[in-house]
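Shown next, in structure tokens, is the structure this report addresses.
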Amino acid sequence: MEHLIQHFRKDEQPFIEQVIGWQREVEDRYAPKLTDFLDPRQRFIVESIVQQSDDLHVFTEGIFEEAERKRMLIAPSYYEPAEADFQIVVYSLNYPTKFVQLRHPDVLGALLSIGLDRSKFGDIRLADNTVQFAIASEISDYVRANLTSIGKVKVSAEEMDPTTPFIQNEEQWVESSHTVSSMRLDVVLATIVNISRQKSQSLINAGKVKVNWTVREAVAFELQEGDIISARGYGRLKVILTEGRTKKDKIRLQVGRLEQKV
């Protein structure tokens, strides 16, 4: 386990300790443990740790196809989960679509403003004046009672009819190769989105750049393979692969970019 933990960043340590606690709980009680909604980096950590044990399995569910945020079930190896075990409900919003267009940040902000922790709800999907989002069923009644407006817009949230189709994810990653002088966050960001190093540094200093869903304000933060970067206004980037060095000692990177939908 010590060897495994070295692969993670120091500030991920508290989450790693929490996961080890969940693992022990499942081993001691021999009963499954359901987590809140976790982002892909957190799920990677859970899987890396739990895989060390032959007696435990990890299952994930986010309801939406290709959901980014999912709940996990850490369970003894005999266990066969059903979808209901993940305790997720999907809500849709009713609002005056003729007069207003809601965006992802509006819905996210409204859910946070009624006192919800980000880990209590999953993906938020929007398409053609339809808003759908996944939440932990234990807060279902609370959301229905408290989510009554988004900004100045009156809304009402209701549990989706199981026959209504879910909004599909239509995001496309575009892959490309780049050479960079180092794996510093400011260098990689500037190179991939084709902005000046100065501009890249000011975005980072202003708290507008996240790595693996965590805001990073250190321009010299070292990136690794598998990291997902999101910069406000520039969409998302993924460090897929470092392909060694060029003759001039630059690093060759294979990168994915998720174009910002307008």
*Enumerate the residue pairs fulfilling side-chain hydrogen bond (donor to acceptor under 3.5 Å, both in side chains) with a member in residues 239-251, sequence neighbours excluded, ordered by first and then second residue.*
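As it turns out, the side-chain hydrogen bond (donor to acceptor under 3.5 Å, both in side chains) pairs with a partner in residues 239-251, which skip direct neighbours, are Glu225-Thr242.
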*asked:* Test side-chain hydrogen bond (donor to acceptor under 3.5 Å, both in side chains) on Ser92 and Gln132; report intermediate values, then the result.
replied: CA-CA 4 Å; Ser92 62; Gln132 299 172 355; over 6 Å; no
*asked:* Could you list the cluster mates of Tyr78? Members are the ILVMFWY residues connected by side-chain heavy atoms closer than 4.5 Å, either directly or through other members.
replied: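 Other cluster members: Tyr30, Leu34, Phe37, Phe59, Ile63, Phe64, Leu73, Tyr79, Phe86, Ile88, Val90, Met160, Phe166.
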Using side-chain heavy atoms (C-beta onward) and a distance below 4.5 Å, is [X] in contact with [Y]?
{"X": "Ile240", "Y": "Val255", "result": "no"}
{"X": "Ile49", "Y": "Ile16", "result": "yes"}
{"X": "Trp213", "Y": "Pro40", "result": "yes"}
{"X": "Val46", "Y": "Thr35", "result": "no"}
{"X": "Leu111", "Y": "Phe133", "result": "yes"}

Can you name the salt bridge (Lys or Arg N to Asp or Glu O under 4.0 Å) partners of [X], sequence neighbours left out?
{"X": "Glu159", "value": "none"}
{"X": "Asp141", "value": "Arg144"}
{"X": "Arg24", "value": "none"}
{"X": "Arg69", "value": "none"}

So, using side chain to side chain donor-acceptor pair (under 3.5 Å) as the criterion, who are the partners of [X] when residues are at least two apart?
{"X": "Ser196", "result": "none"}
{"X": "Glu12", "result": "Arg41"}
{"X": "Asp161", "result": "Thr163"}
{"X": "Ser140", "result": "Tyr91"}

*Please list, chain by chain and in numerical order, all residues satisfying side chain to side chain contact (heavy atoms under 4.5 Å, CB included) with Asp106, sequence neighbours excluded.*
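Only Leu102, Arg103, Ile150 meet the side chain to side chain contact (heavy atoms under 4.5 Å, CB included) criterion with Asp106.
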*Residues in side chain to side chain contact (heavy atoms under 4.5 Å, CB included) contact with Asp117, at least two apart in sequence or another chain*: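 Side chain to side chain contact (heavy atoms under 4.5 Å, CB included) check on Asp117 returns Ser119, Lys120.
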*Does OH belonging to Tyr142 count more than 12 external heavy atoms closer than 6.0 Å?*
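It does: Tyr142 OH has more than 12 such atoms within range.
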*asked:* For Asp11, is the CG atom crowded, meaning more than 12 foreign heavy atoms sit under 6.0 Å from it?
replied: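 Yes, enclosed.
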*asked:* So which atom in Thr179 and which in Thr191 form the shortest heavy-atom distance, rounded to 0.1 Å?
replied: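 Looks like O-CG2, 3.8 Å.
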*Between Val239 and Met183, which heavy-atom pair has the shortest distance, and what is it?*
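Heavy atoms of Val239 and Met183 come nearest at CG1-CE, 4.2 Å.
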*If you measure from the Lys or Arg side-chain nitrogens to the Asp or Glu carboxylate oxygens, is any gap between Lys208 and Glu217 under 4.0 Å?*
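Judged by the 4.0 Å cut-off on N to carboxylate O distance, Lys208 and Glu217 do not form a salt bridge.
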*If you measure from the Lys or Arg side-chain nitrogens to the Asp or Glu carboxylate oxygens, is any gap between Asp39 and Lys210 under 4.0 Å?*
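Answer for the salt bridge query: no.
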_One pair to check against salt bridge (Lys or Arg N to Asp or Glu O under 4.0 Å): Arg71 and Glu138. What are the steps and the verdict?_
CA-CA 13 Å; Arg71 296 188 90 167; Glu138 64 265 26; 3.3 Å; yes
*How many angstroms lie between atom CG of Asp36 and atom CE of Met72, to the nearest 0.5 angstrom?*
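Rounded to the nearest 0.5 Å, the CG-CE separation comes to 13.0 Å.
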